[in-house]
Amino acid sequence: MISSVVLSLAVAAFAAVRAEDSSALPAGVRNFNPQPPSAFCKQFGNVPPAIGTQLKNGGQSCSSTPQGLIPDVNKMVSTLIVEPKFGSTIDASKDNVVRIDTINLVTGFFNLANEQYYMAPQTLDPQTGTIQGHQHITVQKLGSTTQAPDPKVFAFFKGINNAATDPDKRSLQATIPAGQLTENGLYRICSITGTDSHQPVIMPVAQRGAQDDCIRVNVRNAGKVPAPTNTGNNNGNNKGNGNNNNNNKGNNNKGNNNNKGNNNNKGNGNNNNNNNKGNNNGNNGGNGNANFGSCQAPTIEFGKGFEGRKETSFQPVNKGSFSHGSAQNIDIITQFICDRLRDTCKAPQATQNLCNQARSAAGSKKAKTGAQADAFNAAFGIKTNFAAVQAFDDQGRPLRKRFFF
């Protein structure tokens, strides 16, 4: 039986979540607070209740969240992967678009996967009676065509949280970045349809077509990324990241691999021209000899304007290795990075432990400030100065520092 103290702590944690990192509440859902333990869960006193976190390191939990609304048989979800074609060969050294067509799903509904997982029932759009949810794309390397792959191991995963904007509101897509797939061979690309709260969609009948689709493709040129074409024309966008000599000819930046001139400005931590004038070596190696496996350095940047945001937020610098959007809550980004280092990058245990220390360091700094990014980066020996970046609220207004006497 869960104590009232645990429930109170969980409720307080969820109350602190910012809406900018999730969609609007779906129909009929007032909050994402944990449900009181159900009669079913009470039977298993040794199994902890599900409180919105994903148990990625193992362990059971019991969910008391109701299944929710179930659609009419004429409103069942169905998905088809339109691009790439089944059986085709894709060039992993280039960006590859995965495009899907889904019917009977009102897209753009999602909550915080790291804090509100399975915390809401399935919901239906009041006007159409169709499920409110979102899509995902997952890519796995197949070592065999007769044995199922380990679901914990995947080469690429992307939640498609945006709403479909085509006239029929059916088409969504995700891009597998160049260099993301590191081995040649046979891969499986699948869709995963989820509700607002990420559980698999619940359908009204058992005998039906599948709500998801999978295809197999052959991959070539894995692990290769086209050489950068910008060889020395920073043109003023490198305003203080330690590369003051625009062509990097004498900055002693020995940790910045192949940084012959600009390398697409990956080290400036200022992808959106956010007046980020204090960032030193945001991606310039400097990792204290940490082994990131098959991935690049897990640098986090802090700035305004990421993905059109009015407010400041956090995001990974190296999207090829850490393909995650921006978030105001840095813990969302740091958890994703640590999971990716373990599952996809195959970084050694020492680096995984270092990532957990980096998460703790970031959490010790003032929330929603660049100091959190600096603390995380510093744990890997990556020197940045995002603490100098002005923080903005969700209306684009500068946040004033508070002083207490």
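Since we're looking at a predicted model, the values are computed, not measured. Quick note: numbers below take in every heavy atom, side chains included, and nothing from hydrogens, waters or symmetry partners.
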With a cut-off of 3.5 Å and sequence neighbours excluded, list every side-chain donor-acceptor pair involving residues 54-61.
{"unit_1": "Gln54", "atom_1": "NE2", "unit_2": "Ala113", "atom_2": "O", "d": "2.7"}
{"unit_1": "Lys56", "atom_1": "NZ", "unit_2": "Asp339", "atom_2": "OD2", "d": "2.5"}
{"unit_1": "Asn57", "atom_1": "OD1", "unit_2": "Arg342", "atom_2": "NH1", "d": "3.4"}

Return each pair, listed once, that meets disulfide bond (SG atoms under 2.5 Å apart) where at least one residue sits in residues 292-339; pairs must be two or more places apart or across chains. Cys295-Cys345, Cys338-Cys355
Walk me through whether Gln180 and Ser323 qualify under side chain to side chain donor-acceptor pair (under 3.5 Å). CA-CA 9 Å; Gln180 178 71 36; Ser323 53; 4.6 Å; no
Under the side chain to side chain donor-acceptor pair (under 3.5 Å) test, which residues partner Lys310, sequence neighbours left out? none
If every non-hydrogen atom of Phe386 is compared with every non-hydrogen atom of Ala373, which pair is closest and at what distance? CD1-CB, 4.0 Å
Sorted by chain and number, sequence neighbours left out, ring-ring contact (aromatic ring centres under 6.0 Å, His included) with Phe314 holds for Phe302
Just by distance, no angles: are the side chains of Thr195 and Gln122 close enough, under 3.5 Å, to form a donor-acceptor pair? no
I'd like to check Met119 versus Thr65 (side-chain heavy atoms, cut-off strictly below 4.5 Å). Are they in contact? yes
Using 30° and 60° as the class boundaries, would you call the ring planes of Phe157 and His136 parallel, tilted or perpendicular? tilted
For Phe86, check ring-ring contact (aromatic ring centres under 6.0 Å, His included) against everything at least two apart and list the hits. none
Sequence neighbours excluded - ring-ring contact (aromatic ring centres under 6.0 Å, His included) pairs with any residue from residues 59-78: none
Residues, nucleotides or ligands: over 12 heavy atoms within 6.0 Å of Lys365 NZ: no
Starting at OG1 of Thr193, measure out to CG of Asn104 and round the result to the nearest 0.5 Å. 11.0 Å
Has Ser191 got a side-chain atom pairing as donor or acceptor with Asp213's backbone, closer than 3.5 angstrom? yes
Would you list the pairs meeting disulfide bond (SG atoms under 2.5 Å apart) in which at least one residue belongs to residues 81-130, sequence neighbours left out? none
Here the disulfide bond (SG atoms under 2.5 Å apart) pairs for residues 98-206, sequence neighbours left out, are Cys190-Cys214
What residues form a ring-ring contact (aromatic ring centres under 6.0 Å, His included) with Phe336, not counting sequence neighbours? His324
In short, disulfide bond (SG atoms under 2.5 Å apart) pairs touching residues 39-131 with sequence neighbours left out are Cys41-Cys62
Set of residues satisfying side chain to side chain donor-acceptor pair (under 3.5 Å) with respect to Asp150, sequence neighbours excluded: Lys152
Could you list the residues that satisfy ring-ring contact (aromatic ring centres under 6.0 Å, His included) with His198, not counting sequence neighbours? Tyr117, His134
